[in-house]
Chemist: 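Take a look at this one; I'll ask things after.
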Amino acid sequence: MNHCDTSALMSITNRPDIVFHEGHGSWLTDHTGKRYLDFVQGWAVNCLGHSPDVVAQALAEQAKRLINPSPAFYNAPAAELASLLTQNSVFDRVFFANSGAEANEGAIKLARKWGQVNRNGAFEIITFENGFHGRTLATMSASGKPGWDTLFAPQVPGFPKARYNDIDSVAALIRAETVAVMLEPIQGEAGVIPASDEFMRDLRELTRRHGLLLIVDEVQTGMGRTGKLFAYEHAGIEPDVMTLGKGIGGGVPLSALLAREEVCCFQPGDQGGTFNGNPLMCAVGLAVLRTLLAPGFLQSVADKGIYLAHGLEALSARHGLGTERGQGLLRALTLDGERGPAIVEAARLHEPTGLLINSPRPNLLRFMPALNVELNEIDRMLEILDAVISPDRA
Ligand SMILES: *Cc1c(COP(=O)(O)O)cnc(C)c1O
């Protein structure tokens, strides 16, 4: 028993019988005092680890000053965060929201509005098989997760699915009703599958030629995760619209929709939300972004990503597992069969120190540690993984 009555919580997933009480950096502590090395970090949300000082301090200071004057008025943290984001990207304006799904809903609305204004009512957004864009009805419809087409049917129409890394499959879906193409630069939930730089460039060229918007969902890949501030930079392209979530809040609910000036066509009243752009969350976003922009930080993410990749390759060679892939500190290791969930559980149960990793598909493991993870923590993670993988092979 975890000494915490959880019976009043609505059941949405099977949770282990532990309750986390504390977290610092890469480490979590449960109700028994057992420690866990965390390579999930709330699904790549805690980009600076658990309860980092910069986040705690930004929250405490802003909470004492101003929490929420309402989105009907300007506030300084939102304005400052928006300018810092635009200065460091190819976008001109930002709309803040509270979750990745909500930012993507905003991107979908913006594209449909832009289609009404500029493209004779075109509204279809080409998205991808196995893509993941969130859990609202529209973003579930935009997602290509198997089974989601019937769960909560009927879907929101207007999201034909192309094949990832297959430019011809995208071209084949373009028609008069098409307004945009939307994708993750690396499909995260599908198992860390990167779009090739060539595919990203071909998409940019194809969408430009047809007068369509290119929307990148960087909810998982943005904010330094891949070793650059935004993953689209790897391909050297300039998308029209981008969404951010997860890491931008360093653990608190914050997300953003960014667009180039020509695309910003919302009229007063078209878009909004009670908590959008509140100074409390934006102050945290500002503290997080400033940390990522400090000299050397993004390079260290890229370096640690290579270090982790080499460690995973060595582990894979030793145990006869599959290939390693990913970019920066978003990585996956394919297994010799569908034993991802069993390894995830064995790692969590490992004594005396547990390890948290996840398995978005049964044949692979995903790693998304804090961006400031230490090299010795990567070593420790590999040791635990090594220990929990071996027994199965015997
Ligand atoms: C997690 C994720 C989302 C959804 O974000 P939420 O904050 O859970 O709504 C959307 N797109 C991608 C690529 C994601 O990884």
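Note that ligands are numbered from 1 as they come in the structure, with each ligand's atoms numbered from 1 the same way. It should be emphasised that the depicted structure is a prediction, and the values quoted were computed from it without experimental measurement.
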Chemist: Answer yes or no: are there more than 12 heavy-atom neighbours, outside R135 itself, under 6.0 Å from its atom CZ?
Modeler: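 No, the 6.0 Å shell around CZ holds no more than 12 heavy atoms from other groups.
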
Chemist: Under 4.5 Å side-chain heavy-atom separation, chaining through any Ile, Leu, Val, Met, Phe, Trp or Tyr, what else clusters with L137? Say none if it is isolated.
Modeler: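 L137 clusters with F95, I108, L110, W114, I125, F132, M140, W148, L151, F152, V156, F159, V179, M182, L213, I215, V241, L257, V263, F266.
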
Chemist: Is any side-chain heavy atom of L289 closer than 4.5 Å to a side-chain heavy atom of L229?
Modeler: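 The answer is yes; the side chains approach within 4.5 Å.
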
Chemist: Under a 3.5 Å cutoff, is there a donor and acceptor pairing between the side chains of T226 and H234?
Modeler: yes

Chemist: Looking at K304 and E377, does any basic side-chain N land under 4.0 Å from a carboxylate oxygen?
Modeler: no

Chemist: Distances under 3.5 Å, N/O of ligand 1 against N/O of the protein: list each pair and its distance.
Modeler:
| from | atom 1 | to | atom 2 | distance (Å) |
| --- | --- | --- | --- | --- |
| ligand 1 | 7 (O) | G100 | N | 2.8 |
| ligand 1 | 9 (O) | G100 | N | 3.3 |
| ligand 1 | 9 (O) | A101 | N | 2.8 |
| ligand 1 | 11 (N) | F132 | O | 3.3 |
| ligand 1 | 11 (N) | D217 | OD1 | 3.3 |
| ligand 1 | 11 (N) | D217 | OD2 | 2.8 |
| ligand 1 | 15 (O) | Q220 | NE2 | 2.8 |
| ligand 1 | 15 (O) | K246 | NZ | 2.6 |

Chemist: Checking side-chain polar atoms at under 3.5 Å, does S316 have a donor or acceptor matched by the opposite partner on E313?
Modeler: no

